[in-house]
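Source: prediction; values computed, not measured. Residue numbers start from 1 in every chain, and the chains themselves are labelled A, B, ... in the order their sequence lines are given, proteins ahead of strands.
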2 protein chains.
Amino acid sequence: MQRELTYEAVLSYPGHPSAEDVYRVISSRYSTISKATVYRNLNALYEEGKIGKVPPMIGYEAHYDHRTDHHCHAICTRCGKVVDVDVQYDSAMFTNAVSMEEGFMLDSHDLIFEGTCMECRNKEKEDGTEGI
Amino acid sequence: MQRELTYEAVLSYPGHPSAEDVYRVISSRYSTISKATVYRNLNALYEEGKIGKVPPMIGYEAHYDHRTDHHCHAICTRCGKVVDVDVQYDSAMFTNAVSMEEGFMLDSHDLIFEGTCMECRNKEKEDGTEGI
DNA sequence: TACCTTATTGATAATAGATATCAATATGAA
DNA sequence: TTCATATTGATATCTATTATCAATAAGGTA
């Protein structure tokens, strides 16, 4: 049941919720849910292929995604917010051109962009730290 | 002084050492070094641009790199080992083609490959788990 | 050299995010 | 209803890392 709530929360979340985000949403109307359950169910849903997971970078929380197709993300290095990126390329380009350690079997790749989102840029301007 | 030891350890390490790896190397001949010092100095060296850092994925330790130029890495999803990847592409291709949230300022990108290294593939074969 | 200021260090506590444990409860088929 | 299985909440634990802070080292200046 809480699994279903978790799934719905991800689907309806505008953007890329972290486990904490999902927990907050659910517990606002189902206050007895445990954080462990949210983590557990997010993992399960991801393993089942029902939700996506943003390639998770150290120093930021893991973020989930209602999209399950392979696409790219940009992460704001200031606040950790994740946004979708639309970029067309032929992924065969990589898998063919890749050379690396003998015997390494390639499964997938992730293309991740880093930068600063508008909110954080505005915040920095206000703080007068932009010229440093 | 320990800073210098840290630097040398990264330079001479075959591959992409984690903080733990570096600590192990140094403490083998300088047993009083503190782990905090290693973490601190790895960060400092990275900030100074003297060593590189592999785009760090959650669930694995951070890995450092004697190379400081922008290049790609593959990570073994079984054991966390990092290997260099040689792949030619025009990065302008991305920065130009990228469209995302209004106002997001792009700084950099990372192209990360995931797969299984030969060691881990062999280990799985031995365990008889390869056919699952 | 003695003095002072700043930087670095080691030991340790603390943190965040996530996972493991486990008894209690729910579910669902027979 | 009964039994087996799955899910849950509460909590302890984990791992990698950072923060704290007193002690020490380094380095410039007089």
Between [N] ([atom2]) and [X] ([atom1]): distance, integer Å:
| X | N | atom1 | atom2 | answer |
| --- | --- | --- | --- | --- |
| A/K53 | C/dG17 | NZ | C1' | 11 Å |
| B/I33 | C/dT12 | CD1 | P | 16 Å |
| A/L42 | D/dT7 | CG | P | 15 Å |
| A/K35 | D/dT13 | NZ | C1' | 16 Å |
| B/H63 | D/dT15 | NE2 | C1' | 13 Å |
| B/E47 | D/dT18 | CD | P | 10 Å |
| A/E4 | C/dA26 | CD | P | 18 Å |
| A/Y7 | D/dT7 | OH | P | 16 Å |

Measuring from atom [atom1] of [X] to atom [atom2] of [Y], what distance do you get when rounded to the nearest 0.5 angstrom?
| X | Y | atom1 | atom2 | value |
| --- | --- | --- | --- | --- |
| A/I51 | A/L45 | CD1 | CG | 5.0 Å |
| A/Y30 | A/T6 | OH | OG1 | 10.5 Å |
| A/R67 | A/L11 | CZ | CG | 13.5 Å |

Pick base, sugar-phosphate or nothing for A/T32, based on heavy-atom distances below 4.0 Å to the nucleic acid.
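Sugar-phosphate, no base atom in range.
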NA contact type, A/R3, heavy-atom cut-off 4.0 Å: base, sugar-phosphate, or nothing?
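Sugar-phosphate contact only - A/R3 comes under 4.0 Å of backbone atoms but never of a base.
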Considering just the side-chain nitrogens and oxygens of [X], establish if one lies under 4.0 Å of OP1 or OP2 belonging to [N].
| X | N | value |
| --- | --- | --- |
| A/T37 | D/dG9 | yes |
| A/S34 | D/dA10 | no |
| A/N43 | C/dA18 | no |

B/E20 or A/N41, whichever maps to the more 5' nucleotide of DNA chain D
A/N41
Specify the residue among B/E61 and B/M1 whose closest nucleotide of DNA chain D lies further upstream toward the 5′ end.
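Counting from the 5' end, the first nearest nucleotide belongs to B/E61.
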As a test of reading the structure: which of [options] is closest to the side chain of [X], going by heavy atoms?
| X | options | value |
| --- | --- | --- |
| A/Q2 | D/dT8, C/dT9, C/dT19 | D/dT8 |
| B/Y39 | D/dT7, D/dG9, D/dT17 | D/dT17 |
| A/A19 | D/dT8, C/dT19, C/dA18 | C/dA18 |
| A/R40 | D/dC21, D/dA16, D/dG9 | D/dG9 |
| A/A36 | D/dT11, D/dT8, D/dA16 | D/dT11 |

Take A/S12 and A/Y7, measure what side-chain contact (heavy atoms from CB on, under 4.5 Å) needs, and give me the verdict at the end.
CA-CA 9 Å; A/S12 64; A/Y7 184 47; over 6 Å; no
Scan side-chain atoms only and decide if B/H71 and B/D65 contain a donor-acceptor pair under the 3.5 Å cut-off.
yes
